[in-house]
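The structure appears below as structure tokens.
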Amino acid sequence: MGCASSKRSKRTPGYEEPTVLAAETPFTVNEVEALHELYKKLSNSIIADGLIHKEEFQLALFRNRNRRNLFADRIFDLFDIKRNGVIDFEEFVRSLSVFHPNAPVADKIAFAFRLYDLRQTGFIEREELKEMVLALLHESELVLSEDVVETIVDKTFSEADTKGDGKIDPEEWKEFVSKYPSLIKNMTLPYLKDITLAFPSFVVGSDIEDSEF
């Protein structure tokens with residue numbers, strides 16, 4: 001067993017024993033092992049080096065490695081914990097665990113905050129919110145006038161920025177999400193309890209209604 005694990009670790013960068021990852025994430029040992037099979041498929045889809053590159057991530061999400069997408073870019077950056085431009089197995093499992101149905105809601109809220117904090121300042125600013133709304137509209141192929149977009153952004157931002165200081169901090173974000181839980185509904189992927197070789201899509205849903213973008 002130890003010999004097999006040793007061989008596997010040489011093939012998979014960032015490999016950790018399933019028992020270790022299962023103890024530190026909501027995944028079971030069997031789920032981690034299934035994720036390892038999925039990881040091997042993804043990490044060798046374009047460049048056969050056992051690491052997930054951004055192009056492979058894009059391909060997995062959109063079946064198109066050249067398609068630019070703000071959500072995919074941000075999620076790739078957040079998965080890339082070591083900030084070295086690739087995702088290894090440990091990063092893949094630990095990052096993906098926040099989408100597990102059994103992951104703490106607080107972790108999902110925090111991950112979503114970092115997703116919207118495009119410039120990594122520790123706050124969500126109005127322009128960042130607008131960029132995400134525009135990206136969401138683009139993904140859902142909805143066409144709204146500039147005036148309507150500005151209204152959505154203004155209404156959302158003014159409601160979330162309860163301190164009125166021109167930025168949304170983590171505490172304000174937490175309060176806002178408690179009022180509009182649909183904001184993090186895509187932070188839970190139910191089928192992570194039943195892992196298959198189909199890579200889950202992280203693209204935020206197309207429900208844009210009032211402040212529930």
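Every value quoted in this text rests on a predicted model; they were computed, and no experiment measured them. Start at 1 with the first residue, then count along the sequence.
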Practice problem: Report the residues that fulfil side-chain contact (heavy atoms from CB on, under 4.5 Å) with Val29, sequence neighbours left out, ordered by chain and then residue number. | Solution: Pro18, Thr19, Ala22, Glu33
Exercise. May I ask you to decide if Val153's main-chain N or O and Thr156's side chain share a donor-acceptor pair within less than 3.5 Å?
Key: no
Quiz item: Considering only heavy atoms from C-beta outward, does the side chain of Lys54 approach that of Asp77 to under 4.5 Å?
Solution: yes
Quiz item: Does the Glu31 side chain pair with the main chain of Thr28, one donor and one acceptor, at a distance under 3.5 Å?
Solution: yes
Practice problem: Under the side-chain contact (heavy atoms from CB on, under 4.5 Å) rule, collect the residues that match up with Val86, sequence neighbours excluded. | Solution: Leu51, His53, Asn84
Quiz item: Taking the side chain from Glu91 and the backbone from Ile81, do they hold a donor-acceptor pair closer than 3.5 Å?
Solution: yes
Exercise. Under the salt bridge (charged side-chain N to carboxylate O under 4.0 Å, His left out) rule, collect the residues that match up with Asp88, sequence neighbours excluded.
Key: Lys82
Quiz item: Once the angle between the rings of Trp173 and Tyr116 is folded into 0 to 90°, is it parallel (under 30°), tilted (30 to 60°) or perpendicular (over 60°)?
Solution: tilted
Practice problem: Ignoring hydrogens and angles, tell me if any N or O in the side chain of Lys108 forms a donor-acceptor pair with the backbone of His100 under 3.5 Å. | Solution: yes
Practice problem: Could you tell me whether the side chain of Leu144 reaches within less than 4.5 Å of the side chain of Ile152, counting heavy atoms only? | Solution: yes
Quiz item: Is a side-chain N or O of Asp107 found less than 3.5 angstrom from the main chain of Val98, in a donor-acceptor match?
Solution: no
Practice problem: Could you list the residues that satisfy side-chain contact (heavy atoms from CB on, under 4.5 Å) with Leu78, not counting sequence neighbours? | Solution: Arg74, Phe111, Arg114, Leu115
Quiz item: Donor-acceptor pair, Tyr15 side chain versus His36 backbone, under 3.5 Å?
Solution: no
Quiz item: Do the charged groups of Glu128 and Arg119 touch, with an N to O distance under 4.0 Å?
Solution: yes
Self-check item: Any donor-acceptor N/O pair, Glu56 side chain to Ile46 backbone, under 3.5 Å
Solution: yes
Quiz prompt | For Phe123, all residues meeting ring-ring contact (aromatic ring centres under 6.0 Å, His included), sequence neighbours excluded | solution = none
Exercise. Not counting sequence neighbours, which residues clear salt bridge (charged side-chain N to carboxylate O under 4.0 Å, His left out) with Glu16? List them please.
Key: Arg94
Quiz prompt | Under 3.5 Å: donor-acceptor pair, side chain of Thr188, backbone of Lys185 | solution = no
Quiz prompt | Sidechain-backbone polar pair: Glu172 side chain, Asp169 backbone, donor-acceptor under 3.5 Å | solution = yes
Quiz item: Is there a donor-acceptor pair under 3.5 Å between the side chain of Asn102 and the backbone N or O of Pro26?
Solution: no
